Amino acid sequence: MPFQAPRGTEDVLPSDSHRWSRLESIFRELSSRYGYHEVRTPTFEDTSLFVRTSGDTSDIVSKEMYTFSDKGGRDLTLKPEGTAPIMRAVIEHNLCPPGAVLRMSYIMPIFRYGRPQKGRYREAHQVGLEILGSPSPAADAEIIEMTVKFYDLIGIEGAEVKLSTLGREECRVRFREAILEHTRSFLADQPEEARSKVERNPLRMLDSKDPDTQAALQGLRPILDFLEPESRANFDTLQELLQEADIRYQVDPSIVRGLDYYTETVFEVQSSKLGAQSSLCGGGRYDCLSEELGGRPLPAVGVAMGIERALLVLDELGKAGESDRPDLFVVTAGNQAAGAARELARKLRSSGYSVLLDIDQKSLKSQLRQADKSGARYAAIIGEDELGRGTAQLRDLATSEQSEIPLEEIARHLGGKA
RNA sequence: GCGGUUGUAGCUCAGGGGUUAGAGCGCCUGACUGUGGCUCAGGAGGUCGUGGGUUCGAUUCCCAUCAGCCGCCCCA
């Protein structure tokens, strides 16, 4: 095997690319119904964009970025997430003037250098949504509603949202102190490395899977006890809105999120079918991101949903889906008919039908086998007799019913086409 | 990045220090000459992940490396 795809990357093969297209078109359709417009940003950005926004203590920035310098000496990074580039574009093009609300969607690859595993790749793909310009919990609710709707539409029903809030600056400062205070004796026994990591970002302890860590956190007051009154009110309103929309959710204060720019609302949808990578999507509010990038204050909420992970869950659910079937396979008997067959195929294709044709001059038997394998609904057989009469034998491949009809009438038999 | 585990045909897997490495599925061809799916017959396809080492001899043992998977970590 002289070459193989780089570690942590995948080829999407013709046999299952339809599953990707399906998810993407469902997503596009949903976004447009809610009035979102797609935004596309470059595959790489200035490294400092991510260092500035994700937080330099985050693992993403400190060890998972694909960073390189180009021939002009620019320090660049393959984007490890989508929100910072979008915010950069919004500021750069002044897309969201004061008072405006901007809704955007995206489908993009992201790149993170980590040890690959099921559901964790070095190149991954996500679809996402962002609303900029509104501080209202109604914006949060809209994003969450669309997220749940998306999973519903693709066939992951009853997704349960895990919801929490990180409050604002003051709340987090006090909560961090509370964590450190509460776990002081536990941390004293920990190795230096773990300790310094926790000291940089104590919140990280909350979603640790380590039983000892979890034990040490027993009895800690949840972050919800530290919320500023305004955040508390927003969180309550959000929950009312979710109930109104009939969205299942569960308040889970252990939801943290890996990027440092989140404020207030954070949420995830998880699945037990993903092994160690339990979250299907992650989102939340990032009211300070714009300012961190030098823009004016701009409240915002968004979500990013992993395509590979959604596909993985659909696999587990046994929902592989089917690829599109051609409407017709044109079969020729004898080599005189090849031209007429191509002509017929061309006409029907122009009318929007999906038509297949043997191009290797194979036997009639082989052509019919190909027709069968292709999943085509009909085969049109043209031999010398039919050629003379301007007809074809139209065979229904499921029922084996066959009748001779004029070539011009084939389209009518195939049924309507937009 | 750490710990583990796996790597044999397109796919799922069996095998085993020694002449031409197997199965099922898939693929191709054919079964009296213009008809698919079923059945039957035949066929193509593997440098046994890669590179070293041990050995008279390795795909089988050892080491390294690459890749997948599991857990940690991280998160989409």
Side-chain angles (χ1 to χ4, degrees), chain A residues 1-10 13 15 54 58-65 79-83 106-128 147 191 193-194 197 201 204 207-211 213 255-259 268-271 274-283 302-313 329 331-337 358 360 362-376 378-387 392-402 404:
Chain A
M1 195 94 60
F3 286 106
Q4 51 191 327
R7 184 163 207 209
T9 66
E10 284 192 313
L13 302 176
S15 55
S54 301
S58 75
D59 278 40
I60 290 177
V61 166
S62 57
K63 45 194 189 207
E64 294 184 353
M65 296 206 305
K79 56 185 169 188
E81 58 105 6
T83 300
Y106 61 86
I107 298 180
M108 63 167 67
I110 57 167
F111 306 87
R112 290 181 200 172
Y113 189 90
R115 171 117 55 134
Q117 230 172 91
K118 180 154 74 164
R120 181 213 273 170
Y121 308 97
R122 291 183 174 179
E123 178 181 27
H125 300 263
Q126 50 186 217
V127 297
T147 301
E193 194 191 328
K197 183 180 147 190
N201 193 348
R204 282 261 69 110
D207 62 355
S208 167
K209 286 171 195 161
D210 175 43
T213 304
I255 296 297
V256 179
R257 310 270 65 232
L259 280 355
E268 285 181 14
V269 171
Q270 302 182 345
S271 168
L274 288 172
Q277 273 58 243
S278 55
S279 67
L280 267 173
C281 74
V303 63
M305 302 175 258
I307 298 180
E308 286 88 347
R309 290 186 184 181
L311 256 15
L312 241 22
V313 172
F329 197 108
V331 170
T332 57
N335 40 21
Q336 311 294 348
D358 168 67
D360 287 325
K362 299 244 182 137
S363 69
L364 178 67
K365 189 187 275 287
S366 164
Q367 293 182 59
L368 278 161
R369 261 201 285 263
Q370 290 176 60
D372 186 51
K373 254 191 332 190
S374 75
Y378 293 95
I381 305 162
I382 307 178
E384 319 227 328
D385 298 347
E386 290 81 9
L387 194 57
Q393 302 290 341
L394 189 65
R395 183 179 181 82
D396 183 319
L397 289 169
T399 65
S400 298
E401 283 165 28
Q402 182 172 318
E404 181 167 357

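Below, chain A is the first sequence line, B the second, and so on; all start at residue 1. Hydrogens, waters and symmetry mates play no part in the numbers below; they use all other heavy atoms, side chains included. Small disclaimer: the values here were computed from a predicted structure and weren't measured.
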Please state how far atom CD in A:Glu384 lies from atom P in B:U33, giving the value in whole angstrom units.
17 Å
Under 4.0 Å between any heavy atoms, over every strand shown, what does A:Ala379 touch: base, sugar-phosphate, or nothing? Just pick one.
nothing
Span that lies between the P atom of B:A21 and that of B:C48, in whole angstrom:
10 Å
Would a 4.5 Å heavy-atom cut-off, applied to side chains only, mark A:Phe111 and A:Arg122 as touching?
no
If you define the side chain from C-beta out and look only at heavy atoms, does anything of A:Arg120 sit under 4.5 Å from A:Glu308?
no
Nearest-nucleotide wise, let me know which of A:Glu308 and A:Glu386 is further upstream toward the 5' end of RNA chain B.
A:Glu386
Interatomic distance where NZ belongs to A:Lys63 and C1' belongs to B:C2 [whole Å]:
10 Å
Between B:C73 and B:G46, how far apart are the two C1' atoms, rounded to whole Å?
39 Å
Sugar-phosphate only, base, or nothing, as touched by A:Leu280 at under 4.0 Å among non-hydrogen atoms
sugar-phosphate
Could you measure between the two P atoms, the one in B:A58 and the one in B:C62, and give it in whole Å?
16 Å
If we only count heavy atoms from C-beta on, is the A:Glu123 to A:His125 side-chain gap below 4.5 Å?
yes
Side chains of A:Gln402 and A:Asp396: donor-acceptor distance under 3.5 Å anywhere?
no
Rounding to an integer number of angstrom, what distance separates B:A64 and B:C2 when you compare their P atoms?
14 Å
Atom P, compared across B:G7 and B:A14: separation rounded to whole Å:
8 Å
Considering every strand and a 4.0 Å limit on heavy-atom distances, what is the contact class for A:Ala304: base, sugar-phosphate, or nothing?
sugar-phosphate
B:C74 C1' sits how many Å from A:Glu64 CD, rounded?
5 Å
If only side-chain N and O atoms of A:Ser366 are considered, is one of them under 4.0 Å from the OP1 or OP2 phosphate oxygen of B:U29?
yes
Starting from P on B:C38, measure out to CG on A:Leu397 and report it in whole angstrom.
14 Å
Using a cut-off of strictly less than 4.0 Å, decide whether A:Lys365 has a side-chain nitrogen or oxygen near OP1 or OP2 of B:C28.
no
Send over the distance from A:Ile110 CD1 to B:C75 C1', rounded to a whole Å.
8 Å
With a 4.5 Å limit on heavy-atom distance, are the side chains of A:Arg115 and A:Arg7 in contact?
yes
Could you tell me how far B:U55 sits from B:G49 if I compare only their P atoms? Round to whole Å.
23 Å
Using whole Å, report how far CG of A:Asp385 lies from C1' of B:U35.
14 Å
Would you state whether a donor and an acceptor, one from the side chain of A:Arg395 and one from the base of B:G36, lie under 3.5 Å apart?
yes
Please check if the side chain of A:Arg112 supplies one atom and the backbone of A:Glu64 the other of a donor-acceptor pair under 3.5 Å.
no
Within 45 degrees of the ring normal and closer than 6.0 Å to the centroid, is that where the cationic atom of A:Arg395 sits relative to A:Tyr378?
no
Which nucleotide, B:A76, B:C28, B:G1, lies nearest any side-chain atom of A:Lys362?
B:C28
Would you say the side chain of A:Ile381 lies within less than 4.5 Å of the side chain of A:Leu364, judging by non-hydrogen atoms?
yes
On the side chain of A:Gln367, is there an atom forming a donor-acceptor pair with the base of B:U35 - under 3.5 Å, no angle test?
no
Side-chain donor/acceptor contact of A:Asp372 with base of B:G36 under 3.5 Å
yes
For the residue pair A:Val331 and A:Ile382, establish whether any side-chain heavy-atom pair is separated by less than 4.5 Å.
no
Take atom P in B:G4 and the same atom in B:A9, then report the distance between them in whole Å.
27 Å
Hey, where does RNA chain B pair up into stems, meaning at least three consecutive Watson-Crick or G-U pairs with distances under 3.5 Å?
B:1-7 with B:66-72, B:10-13 with B:22-25, B:27-31 with B:39-43, B:49-53 with B:61-65
For A:Glu268 and A:Gln270, indicate whether the former's side chain and the latter's backbone hold a donor-acceptor pair under 3.5 Å.
no
5'-most contact on RNA chain B: A:Tyr113 or A:Gln126, nearest heavy atom basis?
A:Tyr113
Counting primed atoms, P, OP1 and OP2 as sugar-phosphate and everything else as base, the B/S/- map of nucleotides 66-72 of chain B against protein heavy atoms under 4.0 Å is SSSSBBB
note: A:Arg309, atom CZ; B:C75, atom P; distance rounded to Å ~ 10 Å
State whether the side chain of A:Arg309 and the backbone N or O of A:Ser279 hold a donor-acceptor pair below 3.5 Å, judged by distance alone.
yes
Does any part of the side chain of A:Asp358, heavy atoms only, come nearer than 4.5 Å to the side chain of A:Thr332, both counted from C-beta?
no
Between A:Phe329 and A:Gln367 the two heavy atoms that sit nearest each other are CE2-O, 3.9 Å
Would you mind classifying the nucleic acid contact of A:Gly282 as base, sugar-phosphate or nothing, using non-hydrogen atoms under 4.0 angstrom?
sugar-phosphate
Which value, in whole Å, describes the distance between the P atoms of nucleotides B:G51 and B:G71?
32 Å
N/O to N/O distances under 3.5 Å, protein versus nucleotides 40-43 of chain B:
none

Figure out the CD/P separation between A:Gln270 and B:A76, and round it to whole Å.
12 Å
Would you indicate whether the side-chain heavy atoms of A:Met65 and A:Tyr113 approach each other to under 4.5 Å?
no
